[in-house]
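Step one of this worksheet: look at the structure below.
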Protein chains: 2
Amino acid sequence: MPSYHHGNLRAALLAAAERGLREHGADQLSLRELAREAGVSHAAPRRHFADRQALLDALGEAGFARLDDELRAALTGAGPGFVPRLHAVAAAYLRFATEDAALLELMYARKHTEGADRLVAAAAAPFGLMNDLIIQGQTENILEPGDPQRVGIVFFATLQGIATLINGNLVAPDLLTGITETAVDQFLRGSRRR
Amino acid sequence: MPSYHHGNLRAALLAAAERGLREHGADQLSLRELAREAGVSHAAPRRHFADRQALLDALGEAGFARLDDELRAALTGAGPGFVPRLHAVAAAYLRFATEDAALLELMYARKHTEGADRLVAAAAAPFGLMNDLIIQGQTENILEPGDPQRVGIVFFATLQGIATLINGNLVAPDLLTGITETAVDQFLRGSRRR
DNA sequence: CACCATTGTTGTCACCGCATACATTGTTGA
DNA sequence: TCAACAATGTATGCGGTGACAACAATGGTG
């Protein structure tokens, strides 16, 4: 016999929302449906999220946290060399992006509310990881000197753009590996000191 | 006294939808509101669009057509030199992308319906333009030999990724010019024959 | 001019988000 | 230990939506 207090409703709603997002996309996510899945009344979610958009923003924030985790895990497995680390980050990014396409869309959607500040703040971690990696390349004289923030943003943008084209059915998924390697190769031979 | 037959309802709905998209974003677009603006009953739009998603797909298709027009116009104004043409295309892409951020989201959203085939087909034109530009660069020995499709897709992805970061408030808009120039510079110096 | 296709209208249903008022339980401080 | 308050539920209401079905009006065609 379930009690009146769920006890962990916010987390349960987010978990259900991630499943729903994966299966049906963001447009089909509904607070009422999530409430039914969690076994509470339809108004209960509004005690944990100001509105539907706030729940979507929370999903996006969790997405950037998980992206950061996966990029760091990829770096750990790649060893100390800059070039293998760059390849590892690119591969991990695109794996995350193509496996969780609907979440990616949420993460990068235009932000309408002030409540999206936490989402934007969460993005700083993977951006910082990329920045640090560029600085490593420059310190080791593999990359030319230059503004690491700009260089890192361009590389990050390239990965995100590739994911968008693949997820949007504008580029065939079987081209992914080749395009990713072309992207890293172009990035390196363009920034590599001569 | 308006007649029973609107006479040009499909075009009127699309025009109203573009205005609504620009002002409020895709999420706030509603068939009933568009019908009211066009002065017809709420069910009339369904005579021209199978459902709401079909209208959104039509907007995306028009977006790719307009993007292609703007890229070609930029090329016309850039003269024959490959490098100025590349810069012109990059600038025109990002101008379009940042001025019509909501439309851009629609163009690149994940496609759920079979009806999105026309949208994907419409994307072929700007992709083809980019492909042709890469071939020009390779023919003139400014770019290294290589698969022009892959190279063009990576460059296209980079521009789209930059637009996504800017439009998603993940990168400050005032960084746009510098990042775009860095992107073109990295692209050239990476693919430029040495 | 009749018939058919196209394109409208009216009405309905089920769903939704959001808001308000009230109810139940958990926590805290005296 | 208990009262007060906060947190977190429920019930109800409202206005809007998308999609669908049945019917109506007009335009085009043979």
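Everything numeric in this text was worked out from a predicted model, so none of it was measured. The basis for the numbers below is simple: all heavy atoms, side chains too, and nothing from hydrogens, waters or symmetry mates.
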- Query: Partners of D147(A) by side chain to side chain contact (heavy atoms under 4.5 Å, CB included), sequence neighbours excluded?
  - Reply: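 With sequence neighbours excluded, D147(A) shows a side chain to side chain contact (heavy atoms under 4.5 Å, CB included) to Q149(A), R150(A), given in chain and number order.
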- Using the test side chain to side chain contact (heavy atoms under 4.5 Å, CB included), find all partners of A58(A) that sit at least two apart in sequence or belong to another chain. R10(A), L14(A), F49(A)
Does [X] have any side chain to side chain donor-acceptor pair (under 3.5 Å) partners at least two apart in sequence or in another chain, and if so, which?
| X | value |
| --- | --- |
| R32(A) | none |
| Q138(A) | none |
| E140(A) | Q136(A) |

- Item | Any pair counted as side-chain hydrogen bond (donor to acceptor under 3.5 Å, both in side chains), so long as it reaches residues 152-171 of chain A, sequence neighbours left out | Y93(A)-Q160(A), T158(A)-T158(B), Q160(A)-T164(A)
- Query: In terms of hydrophobic clustering (I, L, V, M, F, W, Y; side-chain heavy atoms under 4.5 Å; direct or indirect links), are L188(B) and V151(B) co-clustered?
  - Reply: yes
[X] has an atom [atom1]; how far is it from atom [atom2] of [N], in whole Å?
| X | N | atom1 | atom2 | result |
| --- | --- | --- | --- | --- |
| L13(B) | dT7(C) | CG | C1' | 12 Å |
| L55(B) | dA19(D) | CG | P | 11 Å |
| R10(A) | dG9(D) | CZ | C1' | 17 Å |
| F49(B) | dA19(D) | CZ | C1' | 16 Å |

- Which ring-ring contact (aromatic ring centres under 6.0 Å, His included) pairs, counting each pair once, include a residue from residues 51-74 of chain A, with sequence neighbours left out? F64(A)-Y108(A)
- Message: Using the salt bridge (charged side-chain N to carboxylate O under 4.0 Å, His left out) criterion, which residues pair with R47(A)? Sequence neighbours excluded.
- Response: none
- Query: Do any pairs count as a salt bridge (charged side-chain N to carboxylate O under 4.0 Å, His left out) and have a residue in residues 12-25 of chain B, sequence neighbours left out, and if so which ones?
  - Reply: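 Checked against salt bridge (charged side-chain N to carboxylate O under 4.0 Å, His left out) - neighbours excluded - the pairs reaching residues 12-25 of chain B are R22(B)-D100(B).
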- Query: Which string of ( ) [ ] | and . matches DNA chain D, if you list each base 5' to 3' and count Watson-Crick or G-U pairs only when both distances are under 3.5 Å?
  - Reply: ||||||||||||||||||||||||||||||
- Query: Which letter, B, S or -, goes with each nucleotide of nucleotides 20-30 of chain D from 5' to 3', with contact meaning a protein heavy atom under 4.0 Å?
  - Reply: B-BBBSSS---
- Contact check, residues 28-40 of chain A vs DNA chain C, heavy-atom distance under 4.0 Å, returns S30(A), L31(A), R32(A), R36(A)
